[in-house]
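In what follows, a structure is listed as structure tokens, so that the remarks can point back to it.
In the text below, chain A, chain B and the rest are named by the order of the sequence lines, each starting its count at 1. Model, not experiment: these values are computed from the prediction.
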Amino acid sequence: MASRFNALKADAHWQQVWDEARTFAADDHSARPKTYVLEMFPYPSGKIHMGHVRNYTMGDVLARYRRMTGHEVLHPMGWDAFGMPAENAAMEKKVHPGTWTRANIGTMKAQLKRLGFALDWTRELATCEPDYYGHEQALFLDFYQSGLVYRKESAVNWDPVDMTVLANEQVIDGRGWRSGALVEKRKLSQWFLKITQFADELLDGLGSLEHWPDKVRLMQENWIGKSQGLQFRFALSDGGSVEVFTTRPDTMFGASFVAVAADHPIAQAVAAGNPDAAAFIERCKQGGTTAAELETQEKLGFDTGLTATHPLGAGELPVYIANFVLMEYGTGAVFGVPAHDQRDFDFATKYALPIRRVVSDGDKPDPDFREPEAYTGPGTLVNSHFLDGMDVEDAKRAVIARAEDGGWGKGSTVYRLRDWGVSRQRYWGTPIPIIHCPTCGEVAVPREQLPVTLPDDVTFDVPGNPLDRHPTWKHVACPHCGGEALRDTDTLDTFADSSWYFIRFASQPKDRPFDRSVAESWLPVAQYIGGVEHAILHLLYARFWTRALRHVGLIDLAEPFTGLFTQGMVTHETYKAADGRWLAPDEVRDGVEIAGGGAVTVGRVEKMSKSKKNTVDPEPIVDQYGADAVRWFMLSDSPPERDLEWSENGIEGAWRFVQRLWRLFDGEASGATGSDAALDRKLHQTIAGVGADIEALSFNKAVAKLYELTSAIEKAAPSASRDTAIATLMRLVAPMVPHIAEEAWAARAQGGLIADTEWPAVDPALLVEDEVTIAIQVNGKLRETLTLAKGLPKDEVEAAALAVDKIVRALDGNAPRKVIVVPDRLVNVVL
RNA sequence: GCGGACGUGGCGGAAUCGGUAGACGCUGGAGACUUAAAAUCUUCUGCCCAUGGCGUGCGGGUUCGAGUCCCGCCGUCCGCACCA
């Protein structure tokens with residue numbers, strides 16, 4: 001008998017067998033029910049990390065399980081291959097972004113293959129290849145031609161050293177994350193996708209996504225940020241007017257000022273004739289936007305000298321330019337009600353403006369406001385003319401009705417969501433297929449000229465956009481007039497690439513982005529698995545893109561992902577030397593630094609990251625323990641939505657279990673006869689339980705049940721039941737540890753691949769126990785347990801309970817006050 | 001500040017409907033096998049003043065019975081943030 005499972009040999013063998021048999025290639029024409037399991041595709045940064053391993057293992061277990069339960073499973077893999085790291089590598093290592101990216105893909109693909117994932121590699125795609133991004137350009141033009149794309153001047157974060165636009169996340173304390181240069185606000189002409197056109201749909205659609213985490217739905221809801229209120233006009237003392245938006249029209253009579261944003265046209269107009277105002281506006285722009293700065297920043301205003309006429313005849317209000325009013329939200333102007341808004345309260349306190357209470361919470365009918373802070377709760381209107389006595393909600397409706405009747409305002413809805421700016425002044429992305437002609441204006445690149453490919457001969461030795469400074473690339477003839485014209489030298493935000501890759505996986509014809517009917521046969525994705533860091537942007541953009549495709553008539557699909565699961569991170573202890581250097585796990589042993597023996601401080605358990613050096617590279621681990629042990633560990637212990645702490649003990653334990661399985665699997669079946677009713681029952685309970693747990697993605701629970709079954713089999717005496725249990729266990733563990741399962745299946749000459757077998761059937765008769773353990777309690781406290789036949793009548797159970805020694809003693813000759821009998825569960829004797 | 005999640009042994013965690021808290025794994029103890037070690041196997045492992053008592057962050061409540069439901073605190077983590 002071979003004593004050990006040789007993982008290295010078995011892994012390679014079965015991976016090759018699956019590859020050659022195209023076991024996991026999804027068949028578009030299959031008669032089986034189709035299902036689509038997808039993990040978020042990786043960015044090819046260099047090597048795979050433990051987070052990838054955990055993510056893809058979870059998806060793999062589900063995909064393999066669904067195959068075994070009779071589904072035709074689409075489980076593809078590809079590469080989110082455009083993006084900045086490739087350009088940074090180009091600058092630092094003098095290597096072309098494409099060369100760097102494709103090399104990384106090669107490395108990471110080989111690494112993924114070694115983990116034995118049941119992936120359909122025939123559908124592999126990389127977003128940096130023209131046969132992907134060319135179709136994306138076609139979709140962009142479809143959107144453009146149906147009015148979902150527009151061009152607008154917009155303020156961006158401009159890094160003057162790197163000469164590029166930075167995303168908000170790349171601006172740290174007002175400086176560029178790479179260059180450290182002070183970031184400037186610049187106006188640039190940018191392409192926008194009209195995501196706000198779908199704001200309501202995207203919001204309402206969240207309601208249908210029952211298999212998404214509530215947390216993610218809530219985050220998206222807050223991101224979209226729908227607010228309903230009143231938009232109305234104040235007449236100004238200079239003859240103009242100012243439009244404001246409020247969600248609290250009920251507090252109209254509490255208004256004591258009007259404030260506009262620093263970049264509001266009214267503020268600009270005032271500044272033109274008033275240097276003090278201009279200076280104030282300049283000062284507003286300097287303020288930082290980080291949380292801490294906003295927290296401490298004082299509310300500041302500049303009195304324009306203008307006044308606004310209250311539309312309901314409540315006098316004239318001063319008009320300020322204020323630093324806390326945002327141009328980007330609502331109309332860029334507000335009316336201030338200090339008694340019922342904290343910011344307005346702070347502002348009014350500073351500038352000695354009236355604070356008049358118009359909503360009373362009942363306890364304090366006195367309308368003169370003397371609270372130390374604004375009151376924002378519900379209540380009854382006071383000091384408000386025709387609104388007096390109404391509650392807040394009624395008053396809102398009354399004011400909106402009055403405004404609409406009087407023609408000075410209307411009920412209105414405002415969203416926090418902005419249109420999606422997709423222009424990036426970078427090389428390594430999808431070129432925007434538009435040509436700018438001095439005579440014809442913007443012209444779409446004709447379809448037959450797609451793809452617009454990236455030039456290869458680019459340089460990264462100077463900052464700025466290599467496409468823009470390429471000597472010839474941008475110079476083209478205008479498709480309309482044939483005159484000299486220029487290509488748009490911007491590329492699309494890489495979130496565009498990841499907004500439809502799941503459709504291209506389902507169907508990839510050469511001549512168009514996808515075939516509608518094939519795509520619709522696979523989509524929506526039944527289960528999507530990835531990190532919660534994509535809860536908003538990627539998932540919202542993909543939802544939008546899908547709706548936009550439906551809008552232009554390319555697919556009949558509202559939501560791309562029916563089920564979403566956000567898995568936790570892989571974490572590890574951190575270690576620090578006395579001098580503050582971070583140390584890697586393999587530099588530390590027994591609490592001291594191996595090199596030099598210096599003392600080591602064990603820090604918090606944190607997400608694996610290069611900066612804290614607490615990463616564990618999957619590759620040597622797979623070398624040492626084999627793919628199955630790594631997979632098993634990824635599924636064990638921690639619930640999948642929570643963080644998993646990597647530990648040496650954990651992987652060792654997983655490896656021990658794989659070997660334990662092998663001791664059961666290795667060799668011939670015993671050939672013993674006779675049945676073992678208890679083992680049969682345990683087996684069928686495990687089949688049902690593990691199946692349900694996998695469906696629920698509760699892999700840690702499935703693992704626990706498999707441990708229990710394994711122990712039960714080990715302890716059982718030889719019997720036909722035991723032989724059956726062992727053969728069945730092979731199939732039960734197959735989704736999780738597929739290599740040892742194939743090896744064992746082949747050794748027992750079961751025929752075919754275990755990957756192609758069916759999930760074992762459950763015998764429902766064996767799921768019910770014939771005996772139950774009943775808890776005997778006194779006043780709710782456990783005193784004894786009794787094992788009785790299942791389904792025994794109440795009175796018999798009660799009699800048995802009252803005959804128990806401890807109960808007789810507790811009763812001490814008295815009759816119980818009450819006896820509660822829960823059939824097949826417990827008896828509670830109340831004294 | 002607003003919104004949300006969570007809090008169970010030495011550790012990760014189970015407990016699906018309000019019904020035996022601590023499944024399963026890790027760590028640790030004892031033992032078997034061995035010249036020895038590794039591996040493996042057996043067994044124990046919430047706490048304490050131990051025929052009993054106490055225990056699911058803290059304080060109350062509902063109930064025959066609460067980790068689970070209700071009220072009030074405390075703590076940790078996450079998201080958003082001058083959003084009118």
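- If you take atom P in B/rG13 and the same atom in B/rA81, they sit 29 Å apart, rounded to whole Å.
- Look at the P atom in both B/rU56 and B/rG7: the space between them is 13 Å, to the nearest Å.
- With ring centers used as reference points, A/Phe257 lies under 6.0 Å from A/Phe347.
- Nucleotide B/rC17 is shown with a syn base, its glycosidic torsion being within 90° of 0.
- Following rounding to the nearest Å, A/Trp655 (CH2) and B/rA38 (P) show an atom-to-atom distance of 14 Å.
- A distance of about 14 Å separates the C1' atoms of B/rG9 and B/rG67, rounded to the whole Å.
- With B/rG13, B/rC54, B/rC82 as the candidates, the nucleotide lying closest to the side chain of A/Ser638 is B/rG13.
- The distance between the ring centers of A/Phe345 and A/His340 does not fall below 6.0 angstrom.
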(request) Summarise how protein sits on nucleotides 18-25 of chain B as a single string, 5' to 3': B when a protein heavy atom is under 4.0 Å from the base, S for sugar-phosphate-only contact, - for no contact. (result) -BB--BSS

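- Every residue meeting the side chain to side chain contact (heavy atoms under 4.5 Å, CB included) condition with A/Arg656, not counting sequence neighbours, appears here in chain and number order: A/Glu652.
- Nucleotides B/rU45 and B/rG25 have their P atoms positioned 14 Å apart, rounded to a whole Å.
- For A/Tyr707 and A/Phe657, the distance between ring centers is under 6.0 angstrom.
- The distance between atom CD of A/Glu784 and atom P of B/rG52, rounded to the nearest whole Å, is 10 Å.
- Only the P atoms considered, B/rC11 is 13 Å distant from B/rG57, to the nearest whole Å.
- Using a 4.0 Å heavy-atom distance criterion, A/Arg783 is classed as a sugar-phosphate-only contact.
- Atom P of B/rG18 sits at a distance of 14 Å from the matching atom of B/rA66, rounded to the whole Å.
- Annotation: A/Trp646 is in aromatic contact with A/Phe633 [ring centroid separation under 6.0 Å].
- Within the cation-pi definition used here (under 6.0 Å to the ring centroid, within 45° of the axis), A/Arg357 qualifies as a partner of A/Tyr375.
- Across all strands shown, A/Val325 has heavy atoms under 4.0 Å from base atoms, whether or not it also approaches the sugar-phosphate.
- Side-chain rings of A/Tyr351 and A/Tyr320 approach one another, their centers coming within less than 6.0 Å.
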